[in-house]
Amino acid sequence: MSVVLGLLSHTLNRVLWYSGLRRGCHAPRKQAMEQDKALEVYDIIRTIRDPEKPNTLEELEVVTESCVEVQEIGEEEYLVIIRFTPTVPHCSLATLIGLCLRIKLQRCLPFRHKLEIYISEGTHSTEEDINKQINDKERVAAAMENPNLREIVEQCVTEPD
């Protein structure tokens, strides 16, 4: 009888482990919280307007729900990772789109966060350089000091009435 109970206990522990329930009662809740945060982030960025076209980034499929990832990195602090896809591999405004994403999220996210924004791998001819630019605090600050750039960013991130 004890052998059967031992096997049953072992089997149940394995099932719970692989389901995520054994890691602690917080694992499924944490994953759901991260998914909720990712949807919240997507809801903020989907309405950003393209600098050249009258469309939103969502309408142009520059951003999608799947391009947003949120990971809890501390108590009530999250890492937000965005991977956006420019409409063409030589898009001259990819850096500006990344800047708009960063500014809108910095202004609108209601929780503590660290932000990483990248061009989806293989979708732009100079993705490495652009990724460095849009994730460099000094460059972002300098760009926002330029009145012409600031005005364009404001037009893109302002919600339509």
Side-chain angles (χ1 to χ4, degrees), residues 20 23-161:
R23 293 181 195 119
C25 57
H26 301 297
R29 192 184 69 162
K30 179 181 173 186
Q31 189 175 22
M33 177 79 77
E34 289 172 351
Q35 289 173 341
D36 287 347
K37 297 279 187 207
L39 285 173
E40 190 175 348
V41 170
Y42 177 69
D43 200 40
I44 292 169
I45 64 173
R46 69 185 188 82
T47 59
I48 296 173
R49 298 230 164 262
D50 183 86
E52 285 183 314
K53 300 176 174 119
N55 306 82
T56 65
L57 297 184
E58 177 185 47
E59 292 167 344
L60 296 169
E61 296 181 358
V62 172
V63 296
T64 61
E65 284 184 27
S66 62
C67 81
V68 179
E69 182 183 341
V70 176
Q71 302 168 3
E72 188 172 15
I73 56 174
E75 192 171 320
E76 297 298 316
E77 185 173 11
Y78 297 88
L79 171 62
V80 177
I81 302 169
I82 310 287
R83 287 179 172 67
F84 71 97
T85 305
T87 54
V88 291
H90 54 276
C91 177
S92 61
L93 297 175
T95 307
L96 183 56
I97 291 170
L99 181 62
C100 290
L101 289 165
R102 178 168 295 283
I103 296 303
K104 180 119 186 213
L105 288 171
Q106 285 175 344
R107 290 179 182 174
C108 297
L109 278 180
F111 52 85
R112 286 186 22 211
H113 63 277
K114 291 185 179 182
L115 189 55
E116 294 180 7
I117 300 174
Y118 303 103
I119 291 181
S120 298
E121 194 171 327
T123 62
H124 197 278
S125 55
T126 61
E127 70 187 61
E128 215 173 286
D129 293 333
I130 293 172
N131 289 340
K132 285 180 187 175
Q133 282 184 308
I134 58 181
N135 288 296
D136 183 307
K137 289 180 183 180
E138 286 83 21
R139 288 183 183 186
V140 169
M144 290 307 289
E145 288 177 10
N146 179 317
N148 296 328
L149 268 180
R150 188 172 52 246
E151 184 179 338
I152 294 169
V153 169
E154 292 299 335
Q155 289 172 359
C156 293
V157 302
T158 302
E159 294 287 329
D161 293 333

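When reading the values below, keep in mind they use all heavy atoms of this one structure, side chains included, and skip hydrogens, waters and symmetry mates.
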Any luck finding a side-chain donor-acceptor pair between Tyr118 and Glu116 under 3.5 Å?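 The answer is yes; a qualifying pair exists.
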
Is it the case that Thr47 and Glu58 place a side-chain donor and acceptor less than 3.5 Å from each other?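 On atom types as modelled, these side chains do not qualify, holding no pair under 3.5 Å.
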
Please report the interatomic distance [atom1]([X]) to [atom2]([Y]), rounded to the nearest 0.5 Å.
X: Ile48; Y: Cys156; atom1: CD1; atom2: SG; value: 8.0 Å
X: Ile97; Y: Arg102; atom1: CD1; atom2: CZ; value: 15.0 Å
X: Leu101; Y: Ile45; atom1: CG; atom2: CD1; value: 5.5 Å
X: Ile134; Y: Leu115; atom1: CD1; atom2: CG; value: 9.0 Å
X: Ile117; Y: Leu105; atom1: CD1; atom2: CG; value: 6.0 Å
X: Asp36; Y: Glu40; atom1: CG; atom2: CD; value: 8.5 Å

How close do Val157 and Cys100 get, heavy atom to heavy atom, and via which atoms?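 Shortest heavy-atom separation between Val157 and Cys100 comes out as CG1-O, 3.6 Å.
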
Taking all atoms of both residues into account, what is the closest heavy-atom pair of Ala94 and Ile119, and its distance?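 Taking every non-hydrogen atom into account, CB-CD1, 3.9 Å.
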
Flag the pair [X] / [Y] as yes when at least one side-chain heavy-atom distance between them is below 4.5 Å, and no otherwise.
X: Ile103; Y: Val140; answer: yes
X: Asn55; Y: Arg49; answer: no
X: Arg46; Y: Leu57; answer: no
X: Glu72; Y: Glu34; answer: yes

Check: Asn135 side chain, Asn131 main-chain N or O, donor-acceptor pair, under 3.5 Å: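 Looks like yes, one N/O pair under 3.5 Å.
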
Between Gln133 and Arg139 (side chain of the first, backbone of the second, donor and acceptor by atom type, cut-off under 3.5 Å), is there such a pair?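 Absent.
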
Could you walk me through whether Glu159 and Lys104 satisfy the side-chain contact (heavy atoms from CB on, under 4.5 Å) test, starting with their C-alpha distance in whole Å, then the side-chain angles of each, then the deciding distance to 0.1 Å, before giving a yes or no? CA-CA 10 Å; Glu159 294 287 329; Lys104 180 119 186 213; 2.3 Å; yes

Could you work out, with salt bridge (charged side-chain N to carboxylate O under 4.0 Å, His left out) as the rule, every residue matching Lys37, not counting sequence neighbours?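 None.
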
List for me each residue that meets salt bridge (charged side-chain N to carboxylate O under 4.0 Å, His left out) alongside Glu154, sequence neighbours excluded, and say none if there are none.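 If we apply the salt bridge (charged side-chain N to carboxylate O under 4.0 Å, His left out) test to Glu154, skipping adjacent residues, the hits are Arg107.
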
Which pairs would a plain distance check flag for residues 76-93, meaning a side-chain donor or acceptor within less than 3.5 Å of a matching protein atom at least two apart in sequence or in another chain?
unit_1: Glu77; atom_1: OE1; unit_2: Arg112; atom_2: NH2; d: 2.9
unit_1: Thr85; atom_1: OG1; unit_2: Ser120; atom_2: OG; d: 3.0

Residues, nucleotides or ligands: over 12 heavy atoms within 6.0 Å of Glu59 CD: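 Result for CD/Glu59: enclosed.
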
Run the side-chain contact (heavy atoms from CB on, under 4.5 Å) check on Leu149 and Met144 step by step: do they pass? CA-CA 6 Å; Leu149 268 180; Met144 290 307 289; 5.9 Å; no

